[in-house]
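Remarks on the structure that follows.
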Amino acid sequence: MDLPFPFGLPFASAFYEALLALTFSMHLVFAQLVLGGTSWLVILGIKNAQHDNVARTLRDWLPFALGIAITLGVAPLLFLQIVDKQGFYTAGLLGSHRFMAILPALIVGFYLLYLQKKLGDTAQRSWRVLLPILTLAAFAFTGYSWSEQHALAQDRDVWVSMYAASRMHYSGAEVLPRFVFFASMSLPAVALAALLLTREAKRCAGVAWLGIVGMLVSAAWLVATMSPTRLEAWNGGNLAWSIALAVGVATAAVGWGLVRFRSRIRPALLVSSWLVVVLSIAALREALRIASLPSRAPAREQLANTHEHALEVGGFLVFLFFALFLACLFAWLSRRVASELSRSRGA
Amino acid sequence: MQDFPYYPVLDFGPAMKGMVIGGIGVFHVFVAQFAIGGGWLLCLLQWRAWKRGDALARRFLDSYFRVLVLISFVVGALTGVGMWLTSIQVSARTIGMMVDEFHWIWATEWLFFLAEVIAGYTFYRYAGRLTDGTRFLLLLVYSLAAWGSLFWINGILSWQLTPGGEPGLGSVWGGFFNPSFWPSLVYRSFVSLTLGGLAALAVVQAMKGITREERSHLARTCSLVLVPMTLMPLVGIWYVSVLPEDSRAWITGGSALMTMAFGIAVAASSLLGLYVVFGVLWKKLHVSFATATLLLGLAFGASGAGELVREGVRKPYTIRDLLYSNSLTQDDVEHFREHGSVQGDPWPLRDPAPTASLQTGQRVFRLQCSVCHTLNGANGVDHLVETWRPDQMRMNLASLQHTKSFMPPFAGTATELEALVQFLLWRRRGEPGEWTDTTTHEDLDKNHRWLVEATTAPQSHSDRSTPKHGGGR
Ligand code: HEM
């Protein structure tokens with residue numbers, strides 16, 4: 001039996017793969033808060049929920065979540081270029097303008113979020129429906145484009161024909177179910193954040209369950225679209241991550257059940273089960289990517305050499321130093337800010 | 001030799017790829033530097049609010065900060081990602097090499113950017129309820145982090161132009177603190193302060209509900225950060241003095257475009273500096289909203305021209321001495337001279353010419369020339385060779401690096417060179433559907449001889465002034 005990701009790989013490759021999976025997980029959490037939060041705002045707009053605590057909280061925090069999602073997206077972008085240059089660059093070149101359209105879309109999305117925060121409850125009914133729908137369109141387009149790009153980077157067989165036909169759009173069978181999966185997953189994510197901020201137990205649990213059901217359905221759909229070779233990547237060591245994923249989802253479902261029917265909020269249980277879900281998805285996603293890399297021995301060797309070389313260049317210690325330094329600085333700053341805030345609330 | 005990484009080459013039509021990245025790049029640099037300079041100005045204002053009880057400074061600060069956050073956080077970050085994605089479009093291999101070499105520097109830069117965003121948002125959200133000391137601290141962290149990310153990225157970007165040290169990869173710090181590191185850091189820092197100050201002047205004029213006195217008081221405070229701008233000519237000289245000699249030649253007449261851009265950058269920054277010293281600080285002129293915006297436009301022009309120069313003077317390299325603009329290394333050039341450059345290229349032609357040998361020429365053009373030339377648009381080769389006789393073409397293309405020193409050496413066999421010549425002749429004839437190759441053995445021999453004469457060495461500065469193309473145009 002193969003070792004679970006990333007342990008079966010040579011050290012350098014495992015190191016960068018693990019970093020990619022970790023930083024991607026961080027990006028995913030915030031990207032999903034944005035995607036899920038905007039979807040929820042659409043529902044609330046349609047339901048005409050005014051002076052709504054959840055809506056207000058979402059509008060208040062979403063611009064920040066977007067800023068962080070974008071910033072955290074840069075880190076996996078960096079490691080991706082060490083792990084699989086050929087796939088990422090080729091997909092980026094083939095997708096070209098079509099892919100880069102995510103940038104104007106995100107700028108528009110950001111200003112629409114900000115506008116909704118400014119208008120708050122004073123916005124007219126029609127705007128409270130229309131603005132979230134437009135915003136969701138921008139973010140859904142972005143998320144979909146990443147799924148498209150990711151799947152294209154691995155579908156090496158279509159590259160040449162896509163280039164020959166000057167096609168920028170890739171519509172492989174995996175793209176849509178992938179995106180629906182991540183979109184479904186965004187609901188439990190935002191439900192968890194909203195629960196911690198608003199304590200609106202029942203509504204949050206409802207949204208979370210909706211998302212979990214969506215995840216199960218779209219995961220089945222995704223598996224159904226996969227070729228036998230892709231499915232093989234699930235065998236062996238990746239079984240461990242598949243089991244972790246199943247356990248994480250089941251625990252999350254139970255946790256939300258407690259919230260819904262027993263009115264018992266167990267933040268530690270909910271958060272940790274969710275972390276397991278996110279990490280195991282990131283790991284499985286990488287395991288599938290590795291399985292798609294060219295299987296010719298020289299190509300594999302060349303890739304391993306690239307990772308090896310990357311590991312040799314300097315700068316890691318400086319990075320580590322600043323990571324620790326900044327972490328301490330912000331820990332201290334946030335305590336200071338928190339204590340002043342509580343004092344000002346008291347005054 | 002490792003497998004050569006063939007990436008699909010896109011055709012952006014007559015707009016050259018360089019212009020695409022240039023456009024986004026200038027905009028990104030402008031926004032990012034504005035965020036840095038703006039941060040320092042905010043520190044100054046908060047200091048005054050704190051230590052001198054300047055309530056006006058505090059009021060202004062809060063409205064200016066909003067502008068800064070709204071523009072810089074998301075637009076700044078996204079245009080940065082945009083730069084990255086467009087760099088991939090222009091030369092994936094360049095960015096790949098830079099990532100391999102400097103990913104920990106980049107990762108450190110990213111930490112700083114994250115710190116900037118978090119400190120900024122905390123201020124944005126809670127500043128109203130914090131003490132002056134904490135407000136100052138947050139702004140200081142914000143500004144240091146913003147400037148820090150400039151510090152890190154500056155090392156990588158200046159490395160492309162002056163890698164310094166041993167040619168080759170592997171010594172991060174030697175490469176990072178390369179010869180143009182310090183002058184370009186100082187240059188960019190000053191530009192940042194100027195942009196932050198000018199934008200503040202515009203905001204001061206747009207602010208409502210303050211008296212004329214208050215307005216000019218604020219304007220004077222904001223113009224303090226413009227003072228370093230007056231040292232710009234000196235920094236310019238410093239920067240130019242560390243450039244490699246051949247890069248320097250670009251901006252001192254070697255290329256009309258580069259010389260002009262450099263002239264614009266120098267003239268616009270001197271004008272700005274003069275206006276600040278004499279107008280704003282000495283004569284205490286009133287800076288209207290229109291003037292402030294105009295000045296900002298001037299600064300945009302100057303920094304745009306500066307970036308253009310920075311990109312342009314690297315030719316024929318994207319990473320000096322390591323990678324040519326067409327993504328070939330010196331090793332590749334030598335290898336391809338022996339073995340040919342396009343037979344391993346897996347990407348089909350989108351619009352293939354009728355014969356196999358013409359297609360080879362088409363592929364050679366795509367691989368080696370299309371990053372700088374179109375066929376019949378901007379810098380179009382059809383036009384450039386319009387009047388050349390076939391032998392002139394053979395000779396001038398064989399010694400590409402001597403024909404114009406912005407160009408890398410030709411990286412193919414005598415047969416590939418001939419195919420390129422035939423392809424260009426075929427186009428000159430109006431792309432007939434049938435084409436009989438008239439190449440003779442003598443032609444190939446000539447190609448071979450000229451290629452050997454040209455060598456594979458890049459053009460060095462010393463022999464730039466002696467034009468080598470026989471017969472000229
Ligand atoms: C609201 C905006 C965004 C959303 C909703 C979003 C969502 C997603 C999703 C769902 C994926 C997984 C795709 C898949 O595996 O099928 C993903 C991957 C990724 N995203 Fe984002 N994203 C956003 C913005 C960004 C931005 C601005 C960046 C760049 C700075 C970024 C960088 C990445 C990277 C590098 C990956 C990994 C791609 C790969 O592994 O092939 N994302 N994103």
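Each chain gets a letter, A, B and so on, in the order its sequence line appears, and its residues count up from 1.
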Using non-hydrogen atoms and a 4.5 Å limit, figure out which bit of A/Phe64 sits close to chain B: side chain, backbone, both or neither. both
So what's closer than 4.5 Å to chain B heavy atoms on A/Leu326: side chain, backbone, both or neither? side chain
Sort out for me which of A/Val337, A/Val74, A/Thr23 touches chain B most, counting heavy-atom pairs under 4.5 Å. A/Val337
Assess, by modelled atom type and distance only, whether the side chains of A/Thr142 and A/Ser145 contain a donor and an acceptor separated by less than 3.5 Å. no
Could you go step by step and tell me if B/Ile36 and B/Tyr142 meet the side-chain contact (heavy atoms from CB on, under 4.5 Å) rule? CA-CA 9 Å; B/Ile36 296 166; B/Tyr142 167 85; over 6 Å; no
When you check the gap from the basic side-chain N to the acidic O, do A/Glu286 and A/Arg289 get nearer than 4.0 Å? yes
Are the aromatic rings of B/Phe4 and B/Tyr6 close, with centres under 6.0 Å apart? yes
Can you confirm whether the side chains of B/Ser91 and B/Ser327 place a donor and an acceptor under 3.5 Å from each other? yes
Looking only at the aromatic ring of each residue, does the gap between the centers of B/Phe151 and B/Phe181 stay below 6.0 angstrom? yes
Report which part of A/Tyr163 has an atom under 4.5 Å of a heavy atom belonging to chain B: side chain, backbone, both, or neither. both
Can you tell me if A/Thr57 and A/Asp60 form a side-chain donor-acceptor pair at under 3.5 Å? no
Proximal component of A/Tyr16, with respect to chain B [non-hydrogen, under 4.5 Å]: side chain
Answer with side chain, backbone, both or neither: which region of A/Leu77 has an atom nearer than 4.5 Å to a non-hydrogen atom of chain B? side chain
Engaged part of A/Phe321 at the chain B interface, taking heavy atoms whose separation is under 4.5 Å: neither
Centroid-centroid distance, B/Trp347 to B/Tyr7, less than 6.0 Å: no
Side chain, backbone, both or neither: which part of B/Leu349 has a heavy atom under 4.5 Å from chain A? neither
Heavy-atom proximity to chain A below 4.5 Å, by part of B/Thr79: neither
Answer yes or no for B/Arg125 and A/Trp61: cation-pi contact, defined as NZ/CZ to six-membered ring centre under 6.0 Å and angle to ring axis within 45°. yes
Strictly by modelled atom types, are A/Gln81 and A/Tyr89 linked by a side-chain donor-acceptor pair under 3.5 Å? yes
Tell me, out of B/Phe113, B/Phe102, B/Phe176, who's got the most heavy-atom pairs with chain A below 4.5 Å. B/Phe113
A/Leu19 versus chain B, the contacting section by heavy-atom distance below 4.5 Å: side chain
Heavy-atom distance under 4.5 Å to chain B: side chain of A/Leu78, backbone, both or neither? both
If one checks every heavy atom of B/Ile88 against chain A at 4.5 Å, the contacting part turns out to be both
Could you tell me which of A/Leu329, A/Leu320, A/Leu72 has the largest number of non-hydrogen atom pairs under 4.5 Å with chain B? A/Leu72
Can you say whether A/Ile68 sits under 4.5 Å from chain B via the side chain, the backbone, both, or neither, judging by heavy atoms? side chain
Sort B/Ala145 into side chain, backbone, both or neither according to what part of it lies under 4.5 angstrom from a heavy atom of chain A. neither
Go through the atoms of B/Pro8 and report whether side chain, backbone, both or neither lie under 4.5 Å from a heavy atom of chain A. both
Go through the atoms of B/Tyr124 and report whether side chain, backbone, both or neither lie under 4.5 Å from a heavy atom of chain A. side chain
When B/Trp106, B/Trp104, B/Trp110, B/Phe112 are each screened for ring pair (Phe, Tyr, Trp, His ring centres under 6.0 Å) with A/Phe319, the one that passes is B/Trp104
Counting heavy-atom pairs under 4.5 Å to chain B, which of A/Thr71, A/Ile107, A/Leu106, A/Ile82 comes out on top? A/Thr71
